[in-house]
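Everything on this sheet refers to the single structure shown next.
Just so it is clear, the model here is predicted, and its values are computed rather than measured.
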Amino acid sequence: MTQNNTDTNRRKRAKGTVQKKTFGPVEDLETHVRPDWWQTLFNSLYLKTDADLLDDLEVTRKEVDLIVSILGVSPEEKILDLCCGQGRHVLELARRGFSNVEGYDRSQYLIRKARTRAQKENLQVRFREGDARKLPYPSDTFDVVTIMGNSFGYFDSTLQDRKVLEEIFRVLKPEGRVFIDAVDGDHMKKSFQPRSWEWLDRKYFVCRERALSADGDRLICREVISRIDRGIIADQFYAERLYNKESLFELLTASGFSSPTFHTIFSPVSAGTQDAGMMEQRILLSAFVEKPWHSSLQAAENKKPMNIAVVLGDPRKEDQVKPACVFDDDDFDTLEKMKTALAEIPFMRFTFFDRHEMLLDDLKKKAGKIDLVLNLCDEGFYNDPTKELHVPALLEQLNIPYTGAGPQCLAFCYDKSIVRGVARELRIPVAKGMLVIGDFDLKKLSLSFPLLIKPNSGDSSFGITQKSIVHSVEELLEILAETRDKIGSDKPFLLEEFLPGKDISVGIIGNPPGCTVLPITEEDYSAVPEELPKICGYEAKWLPDSPYWKIKSIPADLPEKTSKEIVKWCLTLFNRLGCRDYARFDWRLDAEGKPRLLEVNPNPGWCWDGHLAKMAAYADISYSGMLATILEAAKERYGLEATGKIEIFKKMPESTPRKSPAECAAEFEEEVEANSSLDSENEGKRSVFSNASETINAFESA
């Protein structure tokens, strides 16, 4: 996994979203309901207050029985469970052998629960987070979409509910089916309990109030939750629209669905339920989609998608490059964004491999079915950066085509001293420097201070910090000793004269002569305090509390002659070192504005907010388009049959700037478990991975 973006702050854990005081007597419940109440309600308390209904396996089995029997679903059909919560229906379908089922929900907390449960049961299913009004799937993707557990009608406007249905209509294939389990509004208006209370377990109890909204179309609910040793711990309000058969029929037909059909009045609640609330009586209905295939699919109707295997780092293992030596939430968020982007690429089926103990066996078993490997394992085999070349070596042995550099190129470029030697041989300028091996003899020092000390091997700026700039022999010896203590006394180091000019990066995608040179970028150090050295090191990539975290990558302002020289030299190095499909080259200008090569990065960081993606964005290439271009470059290199033209140039509207990691995190902050979580269950490590592999399909261009 590559480092986090240097443009913005790292996601911070959300503060408690549970109301910890009571409003006391309330005359009008409706005035206390937030329009977006559904963004905060579904946390650990939600599972406690409705555990008797939501975690009853027998009830779940009955509900899945109805889905399968009413819709006639077959195990190979692609199913989306929308508003899936903690994934009980998805998991039950997977237990029954349904292999193409996934869940989607707005609550990060519940999605984490779902992933943890899937991992414990070794079920290969997929869960995503997001808003049901804007689904991240291509048109004509699913055979069946379900909305279970009274998860329809949360918005304060029917127009928003219609947006959900229209999105479902879009992602369903022609002849696809939707299945909805909704509250029976007519029954609820007559039969709701204005007040009730119940013990949730031996420590917790809840008191509930309910009332109809002023227009009579929504049921307003209030829950006051108490713990016997803490008193009131939450006072929360929510609402649900009370649809009946007639209004549901009208809404579905207005959204484009055909033949809405009502099947039964449904009330399979748990025997231990004290207050079933809106789950007491529900309406089950289904409808069909009558539409032509999406235009991009009509021409490809009989075209078989390519099978792409994606090889990744292993999230279960230590990674010494990362600050905590483990994959964290930002890493998993980056992986989810990558998978979402791949899902937008047409005519390809993606299978993900991340368990390194099983990697060789898994690849052997599926070698005959793999058309191409997208090698994104820049952590190295077993997350050892010295073994990054082992992954392509395995693929070479198995005769499987793959993206990116081969073993020899990765070995060359991992050794910065070798790259310097190759560049000098090609008359490409490099910073003045020397290789230090073993004990350092000061008499051999012929360089001028300030000097930059950096490991000769490694990536992600490991071992390079603000202290790596030294101004005297004393500082040199001190920092050299500290760095050796950190990465090993037997490791060689490079000493380079520190260049004060612009910090430059060049990205190349494709293979000469038909490659794309992305816009050159430079690092903007204007937000870094004046007294600190201008260097984009480990702090800038991994430590959000560092002043270096504010460094930005911006289009480089260079003389035309300098730009042309740098591009010419990058292309020369690309060929000489054996780079393939994509690479990044880092340069720095000296005091006179002349460029000097620092290093070459074959298989550079692929993450959505990394340097390569930012350079691609400046060329109006979307993140999905960047990944697609890398795949297309490898396909052309191997002479693999083209499966359809991919539209990669996607203009990003000026009014909608690229989201930063902090902005993406903010979308989910309010859903994170309260800081005084009442759920004592240890979920273990969060994982978006299955135990073997995970497959997604896409048949629509970005």
Side-chain angles (χ1 to χ4, degrees), residues 1-2 99 122 124 126 303-317 319 335 338-339 342 345 347-414 459 509-511 577-583 601-606 627-643 688-698:
M1 185 68 50
T2 55
S99 57
N122 196 26
Q124 298 183 26
R126 178 181 176 83
K303 194 180 293 290
K304 183 179 179 181
M306 289 190 72
N307 289 316
I308 309 294
V310 185
V311 178
L312 300 160
D314 192 332
R316 308 160 190 83
K317 299 189 179 302
D319 188 335
L335 287 162
M338 176 268 295
K339 293 180 181 182
L342 290 178
I345 301 175
F347 316 115
M348 292 185 181
R349 176 193 296 268
F350 295 92
T351 303
F352 298 88
F353 296 87
D354 61 85
R355 186 179 286 277
H356 286 189
E357 290 99 340
M358 303 297 297
L359 183 60
L360 180 58
D361 290 337
D362 287 342
L363 290 172
K364 280 182 178 179
K365 290 175 185 176
K366 302 196 175 186
K369 298 180 180 179
I370 295 174
D371 297 313
L372 180 68
V373 167
L374 177 58
N375 180 19
L376 301 183
C377 187
D378 50 359
E379 290 89 347
F381 194 51
Y382 280 82
N383 296 348
D384 182 348
T386 66
K387 297 178 180 177
E388 185 178 359
L389 61 87
H390 288 45
V391 174
L394 288 176
L395 298 171
E396 296 270 14
Q397 287 185 320
L398 297 173
N399 199 29
I400 301 175
Y402 60 93
T403 64
Q408 187 176 49
C409 175
L410 291 172
F412 283 162
C413 294
Y414 195 72
D459 56 10
I509 301 181
N511 295 290
L577 293 169
C579 299
R580 301 188 313 202
D581 304 332
Y582 66 123
N601 297 277
N603 294 16
W606 46 263
L627 296 173
T629 311
I630 293 170
L631 286 164
E632 286 298 305
K635 284 168 54 182
E636 290 182 14
R637 178 166 53 81
Y638 283 108
L640 299 177
E641 180 182 356
T643 53
V688 296
F689 300 90
S690 63
N691 285 334
S693 64
E694 170 184 357
T695 300
I696 60 175
N697 298 290

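- Residues Ile308 and Thr351 form no side-chain contact, since every pair of their non-hydrogen atoms from C-beta on lies 4.5 Å or further apart.
- Taking all atoms of both residues into account, the shortest heavy-atom contact from Asp581 to Tyr402 is OD2-O, 4.2 Å.
- With no hydrogens or angles considered, no side-chain donor-acceptor pair links Glu357 and Tyr382 at under 3.5 Å.
- The pair Asp371-Lys635 does not count as a salt bridge, with every side-chain nitrogen at least 4.0 angstrom from each carboxylate oxygen.
- Between the CG atom in Leu372 and the CD atom in Glu632 there is a gap of 9.5 Å [rounded to 0.5 Å].
- Between Pro392 and Asn375 the shortest side-chain heavy-atom distance falls below 4.5 Å.
- Looking at heavy atoms from C-beta onward, Cys413 lies in side-chain contact with Leu577 at the 4.5 angstrom threshold.
- The two residues Gly313 and Asp354 come nearest to each other via the heavy atoms O-CB, 3.6 Å.
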Salt bridge (Lys or Arg N to Asp or Glu O under 4.0 Å) between Arg355 and Asp362, worked out: CA-CA 9 Å; Arg355 186 179 286 277; Asp362 287 342; over 6 Å; no

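- Here CZ of Arg637 is found 6.0 Å from CG of Asn511. Values are rounded to the nearest 0.5 Å.
- Shown here for Pro602 and Leu410, the closest heavy-atom pair between the two residues is CG-CD2, 3.8 Å.
- A distance of 11.0 Å separates CE of Met306 from CD1 of Ile370, quoted to the nearest 0.5 Å.
- Here Asn383 contributes atom CG and Cys377 contributes atom SG; the two are 7.0 Å apart, rounded to the nearest 0.5 Å.
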Met358/Phe353 under side chain to side chain contact (heavy atoms under 4.5 Å, CB included): CA gap, chis, key distance, verdict: CA-CA 9 Å; Met358 303 297 297; Phe353 296 87; over 6 Å; no

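- You'll find the side chain of Pro407 reaches within 4.5 Å of the side chain of Glu396, heavy atoms only.
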Side chain to side chain contact (heavy atoms under 4.5 Å, CB included) between Glu388 and Phe381, worked out: CA-CA 6 Å; Glu388 185 178 359; Phe381 194 51; over 6 Å; no

Side chain to side chain contact (heavy atoms under 4.5 Å, CB included) between Ile345 and Leu342, intermediate numbers included: CA-CA 5 Å; Ile345 301 175; Leu342 290 178; 3.7 Å; yes

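- Of all the heavy atoms in Leu363 and Ile400, the pair that sits closest is O-CD1, 4.2 Å.
- The main-chain N or O of Ala634 is never found under 3.5 Å from a side-chain atom of Thr403 such that the two would form a donor-acceptor pair.
- For the pair His356 (side chain) and Leu312 (backbone), a donor-acceptor distance under 3.5 Å is present.
- With contacts defined as side-chain heavy-atom distances shorter than 4.5 Å, the pair Leu394/Val311 does not qualify.
- For the atom pair CG of Leu374 and CZ of Phe352, the computed distance is 8.5 Å after rounding to the nearest 0.5 Å.
- The two residues Gly404 and Asn603 come nearest to each other via the heavy atoms CA-OD1, 3.3 Å.
- In this structure, CG on Leu631 lies 14.0 Å from CZ on Phe347, to the nearest 0.5 angstrom.
- Looking at heavy atoms from C-beta onward, Phe350 lies out of side-chain contact with Lys339 at the 4.5 angstrom threshold.
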